[in-house]
Amino acid sequence: MNKSKLSDIVIFVSNLKRVMKILEEGNKNSTVVSVVKKELRRAILDGSLKKGDRVIQSKWAERLNVSRMPIREALTQLQGEGLVEIVSHKGAVVTPITRDDFEEIYQTRALLEGLVVEKSLPFLTNEDKEELGRILNQMESLKLTDETSDQYIALNAEFHERIRKGCPWRRVHKIVETLGISPIAPTLLINYYDKTQQDHRRIYEAVMREDPLELRLAVEYHILRTKNNLMEYMEKLNQAKSLECSEAGPD
């Protein structure tokens, strides 16, 4: 082997090691951000951080033994979930979603979205149904993790929007769109993911059978079950907080 080829191989191996190190560091940083985000999210949802509180980056960096960079990244992601608002010259301010918020949003959505999809069904085209099947297949083949949650949220929103699109009652349709789908729900309900996908499959089958009543009931059931799962999650979170406080004892 001549010196030129040997030199090329050495350079290639060196570059490969550098790329692998960058990828390793990227995965490590992603994991740190994920852990920080979970800790901050829990503190907000269990009431340790209350509405209007500022999230002091330096304090949380010290508490979690990390630099400020993953704190900043986690707060940006939590803003997307609606749990904080990043305000100029003030930083991240807590804007929690409460049990009452979940109750109101999902109870209202169940009533109105069931009506919307029932009215929409006769106007869905074959192309709509094919697209619905494609979206469903993507959701079913996706393993839900912190890293894939954004992709799932987008697919889930697209699935519901596709079913609603034919509704001629524009006012009620607009109200449902305004209520939206809480971006935090898939993240909190990873343990319920299989059941959620079964709901989506039943909704799709009702569309394919062109049965408006079955579709309405399937959508209502899906939304109310999501609400109940969120209520159960919040209850477990509150119980864990109470246990933690009782074990800590009085100051």
Side-chain angles (χ1 to χ4, degrees), residues 30 32-57 59-60 64 68-113 116 139 142 144-161 164 173-193 196 219 222-238 240-241:
S30 176
V32 172
V33 171
S34 178
V35 170
V36 170
K37 182 171 63 174
K38 286 178 180 178
E39 287 298 314
L40 286 170
R41 186 194 290 127
R42 187 181 70 164
I44 293 169
L45 292 176
D46 72 13
S48 298
L49 285 170
K50 296 177 172 55
K51 184 176 181 179
D53 284 352
R54 289 180 59 208
V55 182
I56 308 300
Q57 293 186 22
K59 289 184 178 179
W60 278 92
L64 299 177
R68 292 194 187 189
M69 187 177 71
I71 302 290
R72 285 195 297 270
E73 177 60 28
L75 288 172
T76 299
Q77 294 181 21
L78 290 173
Q79 180 174 234
E81 294 181 1
L83 294 179
V84 301
E85 180 183 1
I86 298 177
V87 182
S88 298
H89 309 300
K90 197 171 183 180
V93 178
V94 175
T95 56
I97 298 175
T98 65
R99 287 171 55 91
D100 287 342
D101 292 330
F102 284 136
E103 182 83 34
E104 178 185 3
I105 292 169
Y106 281 87
Q107 196 72 40
T108 305
R109 267 194 61 210
L111 293 171
L112 296 184
E113 190 161 349
V116 167
M139 285 197 291
L142 186 69
L144 185 58
T145 65
D146 284 341
E147 288 70 31
T148 62
S149 62
D150 286 346
Q151 183 182 354
Y152 176 79
I153 289 166
L155 287 169
N156 189 45
E158 192 178 354
F159 181 86
H160 284 269
E161 287 166 7
R164 298 194 304 257
H173 193 175
K174 188 67 176 177
I175 293 171
V176 171
E177 288 180 341
T178 302
L179 287 170
I181 298 173
S182 173
I184 195 176
T187 304
L188 299 183
L189 302 181
I190 288 179
N191 293 336
Y192 301 88
Y193 183 61
T196 299
V219 167
H222 167 57
I223 294 172
L224 289 175
R225 196 159 68 78
T226 300
K227 181 205 74 172
N228 291 337
N229 291 341
L230 286 167
M231 295 295 101
E232 182 180 331
Y233 176 87
M234 294 293 283
E235 182 62 29
K236 288 179 179 177
L237 201 63
N238 289 335
K241 176 67 185 305

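Hydrogens, waters and symmetry mates are skipped; everything else that's a heavy atom, side chains included, is used.
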- Task: Would you please say whether a donor-acceptor pair under 3.5 Å links the side chains of Thr98 and Asp100?
- Result: no

- Item | Close side-chain approach of Arg68 and Arg72, heavy atoms under 4.5 Å | yes

- Heavy-atom closest pair, residues Val87 and Val93: CG2-CG2, 4.1 Å

- Item | Heavy-atom neighbours of Glu104 CD exceed 12 at 6.0 Å | no

- What residues form a ring pair (Phe, Tyr, Trp, His ring centres under 6.0 Å) with Tyr152, not counting sequence neighbours? Tyr193

- Message: Counting C-beta onward and ignoring hydrogens, is there a side-chain heavy-atom pair between Tyr106 and Met231 closer than 4.5 Å?
- Response: no

- Ile71 versus Leu64, closest heavy-atom pair with distance: CD1-CD1, 4.3 Å

Please report, to 0.1 Å, the donor-acceptor pairs under 3.5 Å made by any side chain of residues 49-56, with sequence neighbours excluded.
from: Lys50; atom 1: NZ; to: Gly47; atom 2: O; distance (Å): 2.9
from: Asp53; atom 1: OD2; to: Lys50; atom 2: N; distance (Å): 2.8
from: Arg54; atom 1: NE; to: Lys90; atom 2: O; distance (Å): 2.8
from: Arg54; atom 1: NH2; to: Lys90; atom 2: O; distance (Å): 3.2

- Query: Closest approach of Gly82 and Ile97, non-hydrogen atoms and distance?
  - Reply: O-CG1, 4.3 Å

- When rounded to the nearest 0.5 angstrom, what is the spacing between CG in Leu237 and CG in Leu45? 6.0 Å

- Val35 side chain reached by Val32 side chain, heavy atoms, under 4.5 Å: no

- Note on the structure: Taking every heavy atom of Leu179 against every heavy atom of Thr108, the minimum-distance pair comes out as CD1-CG2, 3.7 Å

- Message: Looking at Glu113, is its backbone amide N or carbonyl O close enough to the side chain of Arg164 to form a donor-acceptor pair, meaning the two atoms are under 3.5 Å apart?
- Response: no

- Quick one: pull up NZ in Lys38 and CG in Leu40 and give me the separation to the nearest 0.5 Å. 13.0 Å

- What distance do Ile223 atom CD1 and Leu112 atom CG have between them, rounded to the nearest 0.5 Å? 9.0 Å

- Which pair of heavy atoms, one from Ser149 and one from Leu144, lies closest together, and at what distance? CA-CD1, 3.8 Å

- Grab the two heavy atoms, one from Val33 and one from Gln77, that are nearest each other, plus how far apart they are. CG1-NE2, 3.6 Å

- Message: For the CD1 atom of Ile175 and the CZ atom of Arg109, what is their distance to the nearest 0.5 Å?
- Response: 14.0 Å

- Query: Do Leu155 and Glu158 touch side chain to side chain, with heavy atoms closer than 4.5 Å?
  - Reply: yes

- Task: Please test Thr148 against Thr145 for side chain to side chain contact (heavy atoms under 4.5 Å, CB included), starting from the C-alpha separation and ending with a verdict.
- Result: CA-CA 5 Å; Thr148 62; Thr145 65; 3.3 Å; yes

- Short N-O contact, Lys37 and Glu73, less than 4.0 angstrom: no

- Query: Distance from Asn156 atom CG to Thr196 atom OG1, nearest 0.5 Å?
  - Reply: 8.5 Å

- Note on the structure: dist Asp46:CG -> Arg41:CZ (nearest 0.5 Å) comes out at 12.5 Å

- Query: For His222, which residues count as a ring pair (Phe, Tyr, Trp, His ring centres under 6.0 Å) partner, sequence neighbours excluded?
  - Reply: His160, His200

